[in-house]
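To start, the structure under review is shown below, and the notes come after it.
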Amino acid sequence: MPTANIFYTEEQQKKNLQELALKLKPYLAEKLTCGQIKLKKDEISVRLINVDGTGMVGGIEVEITAFAFPERVKKQDEICLEVKDYIQKMYPTLGEVKVWLILAELGHSWE
């Protein structure tokens with residue numbers, strides 16, 4: 001199942017990011033649905049990670065990891081741009097958003 005890690009540096013962003021995490025689950029489920037695999041919001045794990053230090057390239061950075069289905073590979077840049085636009089329109093005070101979509105073969109620990 002896909003995961004999304006949201007990295008941030010400023011503690012005052014946390015409340016907005018907690019709200020965003022709830023809204024991002026169904027949004028990502030829709031964006032990452034492909035072929036005959038229809039994802040549900042409860043199949044997406046969204047985590048908030050407070051980063052200590054400097055060096056991030058965006059005010060908020062989002063890393064999405066999902067299985068590399070051919071449909072996702074073809075649309076990977078489009079998905080990243082749409083997620084970025086979605087977040088920035090909903091929460092413009094978060095600053096610049098950078099999004100990565102990491103597509104790979106995945107294993108998991110449940111049946």
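Computation of the quantities below employed the complete heavy-atom set of this structure, encompassing side-chain atoms and omitting hydrogens, waters and symmetry-equivalent molecules. Just so you know, residue 1 is the first one in the sequence shown, and it goes up from there.
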Legend entry - Between CG on residue Leu24 and CE on residue Met90, distance to nearest 0.5 Å: 7.5 Å
Inset, instruction - Specify the closest pair of heavy atoms between Gln13 and Gly59, including all atoms of both residues, with the distance to one decimal. - result: NE2-O, 4.1 Å
Legend entry - Connected-component partners of Ile49 among ILVMFWY, side-chain separation under 4.5 Å: Phe7, Val51, Met56
Inset, instruction - Following the transitive rule for hydrophobic clusters with a side-chain heavy-atom cut-off under 4.5 Å over Ile, Leu, Val, Met, Phe, Trp and Tyr, establish whether Ile79 and Val73 coincide in one cluster. - result: yes
Legend entry - Ile60 CD1 to Thr9 OG1 distance, which is reported to the nearest 0.5 Å: 7.0 Å
Inset, instruction - Might you point out which heavy atoms bring Trp100 and Cys80 nearest each other, and give the distance in Å? - result: C-SG, 3.9 Å
Inset, instruction - Could you go through the side chain to side chain contact (heavy atoms under 4.5 Å, CB included) check for Leu94 and Leu17 one step at a time? - result: CA-CA 9 Å; Leu94 291 177; Leu17 292 172; 3.8 Å; yes
Inset, instruction - Starting at CD of Glu10, measure out to CG of Asn16 and round the result to the nearest 0.5 Å. - result: 11.5 Å
Legend entry - Approximate separation, where rounding is to 0.5 Å, of Thr3 OG1 and Arg47 CZ: 4.5 Å
Inset, instruction - Would you give the length of the straight line joining atom NZ of Lys98 to atom CD of Glu61, rounded to the nearest 0.5 angstrom? - result: 9.0 Å
Legend entry - Close side-chain approach of Leu32 to Leu101, heavy-atom, < 4.5 Å: yes
Inset, instruction - Find the distance between CD (Glu71) and OG1 (Thr33) and round it off to the nearest 0.5 Å. - result: 10.5 Å
Inset, instruction - Would you mind listing every side-chain hydrogen bond (donor to acceptor under 3.5 Å, both in side chains) that reaches into residues 78-89, with sequence neighbours excluded? - result: Lys31-Glu82
Inset, instruction - Give a yes or no answer on whether the side chain of Lys25 reaches the backbone of Ile44 with a donor-acceptor pair at less than 3.5 Å. - result: yes
Inset, instruction - Check whether Ile37 and Phe67 end up in the same hydrophobic cluster, where Ile, Leu, Val, Met, Phe, Trp and Tyr are linked by side-chain heavy atoms less than 4.5 Å apart. - result: yes
